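Down below is the structure, laid out as structure tokens.
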There are 2 protein chains.
Amino acid sequence: MGMPNREDQVKALANETRIEVLRLLDDPATHFSKQESADPVEIGVCVQLLAEHFGVSQPTMSRHIELLKRAGFIVAKRQQKWTYCSRDDAALADYTRWLISSLNIKTF
Amino acid sequence: MGMPNREDQVKALANETRIEVLRLLDDPATHFSKQESADPVEIGVCVQLLAEHFGVSQPTMSRHIELLKRAGFIVAKRQQKWTYCSRDDAALADYTRWLISSLNIKTF
DNA sequence: TAGATAAATAGCGAATAAGCTATATGTCAA
DNA sequence: TTGACATATAGCTTATTCGCTATTTATCTA
């Protein structure tokens with residue numbers, strides 16, 4: 001996947017809806033267990049279900065997903081009609097490590 | 001200072017110039033030792049010097065500083081003609097802790 | 001082959017962001 | 001009190017963001 005674009009990552013997290021999407025995707029079982037086409041934990045959560053959860057239109061959620069994908073924070077796999085979204089925990093950990101070290105934050 | 005506004009903080013870090021300002025303010029001695037009106041390490045760095053360093057106009061840097069202040073990431077103290085900016089390390093640490101825990105990032 | 005469903009894309013409007021110049025305000029020194 | 005300097009504010013332009021609806025593309029099913 002190569003070097004992540006920090007500008008993309010920084011912008012991806014500049015929106016509370018997208019942060020919340022990432023938070024929910026950490027525990028899909030709690031909020032998306034009603035998804036029947038595929039196991040939300042194993043495969044991911046489809047765009048439509050995310051749109052419904054946030055009360056935004058499907059194209060709007062599709063755009064959020066695109067930005068999160070570009071940042072590398074989520075992985076989307078197409079399966080039949082659906083695009084299943086899941087978190088890339090390693091990318092998120094990498095980003096926070098970068099942020100902390102580039103700001104030289106010492107205390108934790 | 002009360003509860004930090006996470007929206008303000010998230011937006012404050014959505015810009016590479018502001019991230020770089022925070023990075024430089026961690027080590028003012030290296031880049032701002034030429035400041036004569038006050039010790040950059042003890043007191044802070046004035047707006048004009050920051051504007052020069054980044055090659056932006058004084059009002060533009062003033063605006064960046066305002067956003068960083070609102071986020072709580074820098075403290076600005078007015079002294080005579082100057083406004084000296086310094087990092088609030090505790091606020092930055094608090095923000096990163098919030099980010100990590102609200103995204104539930106485990107690996108470090 | 002139609003029709004239904006999921007997602008992506010195009011295109012629009014309102015709001016926000018980031019730069020600038022010009023001007024106002026505050027502070028100090030002559 | 002005037003002039004100089006640092007900062008803040010006002011107002012403008014351009015670009016981006018974020019929402020929407022309408023449409024297109026892809027996939028499945030009757």
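These numbers come from the heavy atoms of this one structure, side chains and all, not from hydrogens, waters or symmetry mates. Here the structure is a predicted model, which is why all the values come from computation and not from measurement. Note on naming: letters A, B, ... go to the chains in the order of the sequence lines (proteins, then strands), and numbering restarts at 1 for each one.
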(message) In this structure, how many angstroms lie between the C1' atom of C/dA6 and the CD atom of A/Glu36, rounded?
(response) 16 Å
(message) The side chain of A/Pro59 is closest to which nucleotide in this list: D/dC18, C/dT9, D/dA8?
(response) C/dT9
(request) List the atom of A/Arg6, the atom of A/Tyr95, and the distance in Å for their closest heavy-atom pair. (result) NH1-CA, 3.8 Å
(request) Record whether the side chain of A/Gln80 comes under 3.5 Å of the base of D/dA26 through a donor-acceptor pair of N or O atoms. (result) no
(message) Give me the atom names and distance for the closest heavy-atom approach of A/Lys11 to B/Ala14.
(response) CE-O, 4.0 Å
(request) Report the distance from atom CD of B/Gln35 to atom C1' of D/dT7, rounded to the nearest whole Å. (result) 14 Å
(message) The side chain of A/Lys11 is closest to which nucleotide in this list: D/dT7, D/dT17, C/dA8?
(response) D/dT17
(message) If you assign each of A/Thr17 and A/Lys81 to its closest nucleotide in DNA chain D, which residue comes earlier from the 5' end?
(response) A/Thr17
(request) Taking only Lys NZ, Arg NE, NH1 and NH2, and the carboxylate oxygens of Asp or Glu, determine whether B/Asp27 and B/Arg87 approach each other closer than 4.0 Å. (result) no
(message) Can you tell me whether the side chain of B/Glu66 and the base of D/dA8 have a donor-acceptor pair closer than 3.5 Å?
(response) no
(message) What is the separation between atom CD1 on A/Ile74 and atom C1' on C/dA7, rounded to the nearest whole Å?
(response) 13 Å
(request) Answer yes when B/Asp88 and B/Lys69 have at least one side-chain N-carboxylate O distance shorter than 4.0 Å, and no when they do not. (result) no
(request) Compute the ring centroids of B/Phe32 and B/His53, then answer whether they are less than 6.0 Å apart. (result) yes
(message) By the 4.0 Å heavy-atom rule, please label A/Thr83 as base, sugar-phosphate, or nothing.
(response) sugar-phosphate
(request) Classify the nucleic acid contact of B/Gln48 as base, sugar-phosphate or nothing, counting any heavy atom under 4.0 Å across all strands shown. (result) sugar-phosphate
(request) Could you tell me whether the phosphate oxygens of D/dT17, OP1 or OP2, come under 4.0 Å of any side-chain nitrogen or oxygen in A/Asn15? (result) no
(message) In whole Å, I'd like the distance from the CD atom of A/Gln58 to the P atom of C/dA10.
(response) 14 Å
(request) Send over the distance from B/Glu7 CD to C/dA15 C1', rounded to a whole Å. (result) 13 Å
(request) On DNA chain C, check which nucleotide each of B/Arg78 and B/Leu67 is closest to and give me the residue with the more 5' one. (result) B/Leu67
(request) Tell me whether the OP1 or OP2 atom of D/dC20 has a side-chain N or O from A/Ser57 closer than 4.0 Å. (result) yes
(request) Let me know the distance between CZ of A/Phe54 and C1' of D/dC18, rounded to the nearest Å. (result) 15 Å
(request) Specify the separation, in whole Å, of atom NE2 of B/His64 and atom P of D/dA8. (result) 14 Å
(message) Just N and O in the side chain of B/Thr60: are any of them under 4.0 Å from OP1 or OP2 of C/dA18?
(response) no
(request) Grab the CG-P distance between B/Leu13 and C/dA18 for me, whole Å please. (result) 12 Å
(request) With the side chain of B/Trp82 defined as its heavy atoms from C-beta on, choose the nearest nucleotide among C/dA8, C/dA18, D/dA6. (result) D/dA6
(request) Check whether any side-chain nitrogen or oxygen of A/Ser62 sits under 4.0 Å from OP1 or OP2 of C/dA8, and answer yes or no. (result) yes
(message) For residues B/Leu24 and B/Leu67: do they belong to one hydrophobic cluster (side chain heavy atoms under 4.5 Å, members Ile, Leu, Val, Met, Phe, Trp, Tyr)?
(response) no
(request) Return no unless some side-chain N or O of B/Arg18 is found under 4.0 Å from OP1 or OP2 of C/dA18. (result) yes
